[in-house]
Amino acid sequence: MSVNDILTVTYDSPCGRLLLGSFDGRLCLCDWFGGRPRVLSRLTRYLHADLRHGISDVTDEARRQLDLYFAGSSVSFDLPLLTVGTDMQHAVWQAIARVPRGDTITYAQLASSAGYPKAIRAAATATADNALSVIIPCHRIVSPGRQLLYAGGTEAKSHLLRLENSQCL
């Protein structure tokens with residue numbers, strides 16, 4: 001293992017398999033397995049790193065916290081995160097993280113919250129480029145018609161929203 005490795009391990013959630021990855025002691029990846037090579041490409045390119053199968057302390061802790069989340073006994077994640085992207089992407093991801101559990105907002109509301117009110121499509125693209133699905137809860141963002149578009153699939157998004165709504169009761 002070199003210092004330029006993103007250590008990856010899979011996590012089987014109730015709504016699909018996730019690929020978890022850590023770099024330099026921080027979680028940089030929690031993404032739906034096999035679905036988005038663009039996200040992996042961005043991570044490896046920005047971090048000048050290779051993907052390697054391996055467990056780290058942070059992926060172990062992420063698995064533990066995901067178990068609690070899916071069991072309905074935890075309402076937040078407390079993990080060291082590494083987000084990789086542009087300033088706008090970071091602003092969008094921070095805005096996503098502020099959406100309360102059990103709520104949804106539209107891409108237009110997200111763009112405004114991130115400080116880019118006229119950049120709705122760019123906010124949608126930044127949402128799609130989120131490498132930390134579930135942890136940075138992009139499943140809480142919906143299209144204007146409340147259509148459930150999601151990298152993990154509409155069933156996964158519906159499952160996550162139902163889970164969070166039941167925890168807010």
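All residue numbers in this chain count up from 1 along the given sequence. Note that these values count all heavy atoms, side chains included, but never hydrogens, waters or copies made by symmetry.
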Please name the pair of heavy atoms, one in [X] and one in [Y], separated by the smallest distance, quoted to 0.1 Å.
{"X": "Asp31", "Y": "Ser133", "answer": "OD1-OG, 3.5 Å"}
{"X": "Leu66", "Y": "Cys30", "answer": "CD1-SG, 4.3 Å"}
{"X": "Phe23", "Y": "Ala49", "answer": "CE1-CB, 3.8 Å"}
{"X": "Leu161", "Y": "His139", "answer": "CD2-O, 3.6 Å"}
{"X": "Val39", "Y": "Ala131", "answer": "CG1-CB, 3.5 Å"}
{"X": "Ser13", "Y": "Leu18", "answer": "CB-CD1, 4.4 Å"}

Can you tell me if Asp67 has over 12 outside heavy atoms packed within less than 6.0 Å of its CG? yes

Listed pairs under 3.5 Å, donor-acceptor, residues 75-85 side chains, sequence neighbours left out:
{"residue": "Thr83", "atom": "OG1", "partner": "His90", "partner atom": "NE2", "Å": "3.0"}

Tell me every residue that passes side-chain contact (heavy atoms from CB on, under 4.5 Å) with [X], counting only those two or more places apart in sequence or in another chain.
{"X": "Ala124", "answer": "Tyr107"}
{"X": "Ala111", "answer": "Ile120, Ala123"}
{"X": "Arg63", "answer": "Val9, Tyr11, Leu20, Ile55, Asp60"}
{"X": "Arg45", "answer": "Ser41, Arg42"}

Short question: side chain of [X], backbone of [Y] - any donor-acceptor pair under 3.5 Å?
{"X": "Thr59", "Y": "Ser56", "result": "yes"}
{"X": "Asn130", "Y": "Ile136", "result": "yes"}
{"X": "Gln89", "Y": "Thr86", "result": "yes"}
{"X": "Arg140", "Y": "Val99", "result": "yes"}
{"X": "Ser22", "Y": "Gly25", "result": "no"}

If you look only at pairs with a residue in residues 123-139, which of them pass as a salt bridge (charged side-chain N to carboxylate O under 4.0 Å, His left out), with sequence neighbours excluded? Arg38-Asp129

Residues Gln109 and Thr106: side-chain donor-acceptor under 3.5 angstrom: yes

For Arg52 and Thr8, test the side chains for any donor-to-acceptor distance below 3.5 angstrom and give the result as yes or no. no

Please walk me through it: do Glu164 and Tyr69 pass side chain to side chain contact (heavy atoms under 4.5 Å, CB included)? CA-CA 9 Å; Glu164 290 184 356; Tyr69 171 82; 2.8 Å; yes

